[in-house]
Amino acid sequence: MKLENVKIINLPKFLDRRGNLSFIEELNHIPFKIERSYWIYDVPGGESRGGHAYKENEEFIVALSGAFDVVLDDGFKKEVFSLNRSYYGLYVPKGLWRSMENFSTNSLALVLSSTKYNPEDYIYDYEQFKKMKE
Ligand code: TYD
């Protein structure tokens with residue numbers, strides 16, 4: 001998949017003096033059915049995670065709290081998406097190398113996934129990833 005297919009998706013936002021509210025519906029705000037949700041928390045400030053690609057899994061990533069960068073690479077070029085608000089997220093199609101970097105202290109990353117956890121769906125070797133793109 002190419003970087004052109006990546007997109008920032010703005011979510012509905014109800015602003016209220018009692019506190020704001022946003023939400024996500026599968027196949028409506030995001031283009032896949034949610035099979036799994038996980039979150040990354042208690043990350044030491046400045047730390048990185050997730051240098052890998054998925055063969056099939058698609059994701060939608062939201063910074064529910066704090067800030068971090070999602071670095072995506074389609075084998076030809078690289079782009080950095082800074083996430084720091086809970087009313088938008090990043091749609092990551094399958095087949096991209098992705099890492100999450102520069103976590104701020106106390107950040108909380110929500111990841112919605114299109115498949116159940118499957119270790120065989122991961123590509124951990126960047127050179128192997130590059131070869132698949134040739
Ligand atoms: P991993 O995806 O390797 O995290 P990162 O790439 O950010 O370092 O996952 C870390 C561990 O958590 C790994 O042992 C597998 C486990 N895990 C699950 O069991 N289910 C899941 O949905 C995820 C995302 C990870």
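In listed order, ligands and their atoms are each counted from 1.
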*Would you please classify the geometry between the Phe129 ring and the Tyr126 ring as parallel, tilted or perpendicular, with 30° and 60° separating the classes?*
tilted
*In terms of heavy-atom contacts, does CD of Gln128 have more than 12 from other residues, nucleotides or ligands at under 6.0 Å?*
yes
*Anything under 30° is parallel, anything over 60° is perpendicular, the rest tilted; go ahead and classify Phe23 against Phe14.*
parallel
*Identify, for atom 8 (O) of ligand 1, the protein heavy atom at the shortest distance, and state residue, atom and that distance.*
Arg49 NH2, 3.1 Å
*What residue and atom, counting heavy atoms only, is the protein's closest point to atom 2 (O) of ligand 1, and at what distance?*
Tyr122 OH, 2.8 Å
*Compute both the distance and the angle, then confirm whether Lys133 meets the cation-pi test with Phe76: under 6.0 Å from the six-membered ring centre, within 45 degrees of the axis.*
no
*Identify the closest protein heavy atom to atom 14 (O) of ligand 1: which residue and atom is it, and at what distance?*
Tyr117 OH, 4.6 Å
*What atoms in ligand 1 come closer than 4.0 Å to a heavy atom of Tyr38?*
24 (C)
*Ligand-side contact atoms (ligand 1) for residue partner Gly50, heavy atom cut-off under 4.0 Å*: 5 (P), 6 (O), 7 (O), 8 (O)
_Any nitrogen or oxygen of Tyr124 lying under 3.5 Å from a nitrogen or oxygen in ligand 1? Just yes or no._
yes
*Among Glu59, Glu58, Glu79, which residue meets the salt bridge (charged side-chain N to carboxylate O under 4.0 Å, His left out) test with Arg98?*
Glu59
*Residue pair Phe81, Val92: steps toward the side-chain contact (heavy atoms from CB on, under 4.5 Å) verdict*: CA-CA 11 Å; Phe81 298 86; Val92 184; over 6 Å; no
*Looking at ligand 1, does any of its N/O atoms fall within less than 3.5 Å of an N/O of Ile40?*
no
_Mode of Arg36 contact toward ligand 1 - side chain, backbone, both, neither (heavy atoms, under 4.0 Å)_ = side chain
*Does the protein put a heavy atom less than 4.0 Å from atom 24 (C) of ligand 1?*
yes
_With a sphere of 6.0 Å drawn around CG of Asn118, does it hold more than 12 non-hydrogen atoms of other residues, nucleotides or ligands?_
yes
